[in-house]
A.B. asks: 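Pasting in a structure now, in structure tokens, and then I'll have a few things to ask.
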Amino acid sequence: MERSFSLEVWMIFTATLVNAPAIEELVKLKGITSVDCLGDCHYRFHIAETDGITEKMIATSVANGWQLEEIQLERLSLDEIFARLSGKK
């Protein structure tokens with residue numbers, strides 16, 4: 001039995017948006033597959049592509065007045081990657 005794995009689950013960034021729109025609007029952004037609200041203006045973005053994603057997020061935030069204060073790419077540990085590949089997460 002052959003399994004295929006999507007790398008998009010490994011590409012994540014977090015952002016602090018003081019004046020963020022509804023999550024439904026954030027998910028509509030190109031390259032974003034899902035968004036988690038972490039509370040207090042903090043969001044985790046799951047992304048399908050990394051090519052220029054931070055620049056796109058900064059430009060979109062400025063254009064829409066979202067007051068982006070911080071953006072950071074997250075790196076998964078080997079344990080997290082293994083858990084995702086094995087279906088444990």
Side-chain angles (χ1 to χ4, degrees):
M1 180 173 147
E2 185 177 318
R3 283 181 76 176
S4 63
F5 301 102
S6 172
L7 292 178
E8 71 184 46
V9 298
W10 299 342
M11 295 184 243
I12 298 170
F13 72 87
T14 57
T16 302
L17 298 168
V18 175
N19 191 29
I23 287 182
E24 294 80 19
E25 290 300 312
L26 295 172
V27 173
K28 291 178 184 178
L29 298 173
K30 184 178 182 199
I32 306 295
T33 58
S34 67
V35 178
D36 304 320
C37 180
L38 305 176
D40 196 31
C41 303
H42 301 287
Y43 298 87
R44 177 176 291 122
F45 293 81
H46 301 262
I47 54 180
E49 58 185 61
T50 58
D51 188 36
I53 192 69
T54 53
E55 292 85 357
K56 291 175 189 174
M57 185 63 185
I58 291 167
T60 303
S61 175
V62 169
N64 291 292
W66 295 345
Q67 295 178 299
L68 175 67
E69 289 188 344
E70 180 181 17
I71 189 167
Q72 181 176 348
L73 287 173
E74 287 188 8
R75 306 214 188 282
L76 297 180
S77 70
L78 290 176
D79 289 338
E80 291 172 309
I81 293 170
F82 179 75
R84 290 180 186 209
L85 286 173
S86 65
K88 294 181 180 178
K89 256 191 178 179

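Computed from a predicted model, the values in this text were never measured in an experiment. Numbering starts at 1 and runs along the sequence shown.
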A.B. asks: Pairs under 3.5 angstrom only: tabulate donor-acceptor contacts from the side chains of residues 51-59 to other protein residues two or more places apart or in another chain.
C.D. replies:
{"residue": "Lys56", "atom": "NZ", "partner": "Glu49", "partner atom": "OE2", "Å": "3.0"}

A.B. asks: Please list every donor-acceptor pair under 3.5 Å in which a side-chain atom of residues 17-26 meets a protein atom from a residue at least two apart or in another chain.
C.D. replies:
{"residue": "Asn19", "atom": "ND2", "partner": "Gly65", "partner atom": "O", "Å": "3.0"}
{"residue": "Glu25", "atom": "OE2", "partner": "Lys28", "partner atom": "NZ", "Å": "3.2"}

A.B. asks: Do Glu74 and Met11 come within less than 4.5 Å of each other through their side chains, counting heavy atoms only?
C.D. replies: no

A.B. asks: Side-chain contact, heavy-atom cut-off 4.5 Å: Arg44 with Ile12?
C.D. replies: yes

A.B. asks: Check for a donor-acceptor pair, side chain of Ser61 on one end and backbone N or O of Leu68 on the other, with a separation under 3.5 Å.
C.D. replies: yes

A.B. asks: Once side-chain hydrogen bond (donor to acceptor under 3.5 Å, both in side chains) is applied, do any residues pair with Thr16, and if so which ones, sequence neighbours excluded?
C.D. replies: His42

A.B. asks: With the 4.5 Å side-chain cut-off for hydrophobic clustering, are Val35 and Leu38 part of the same group?
C.D. replies: no

A.B. asks: With sequence neighbours left out, write down each residue that passes side-chain contact (heavy atoms from CB on, under 4.5 Å) with Thr60, or none if nothing qualifies.
C.D. replies: Leu29, Asn64, Trp66

A.B. asks: Please enumerate all residues that pass ring-ring contact (aromatic ring centres under 6.0 Å, His included) together with Phe13, with sequence neighbours excluded.
C.D. replies: Phe45

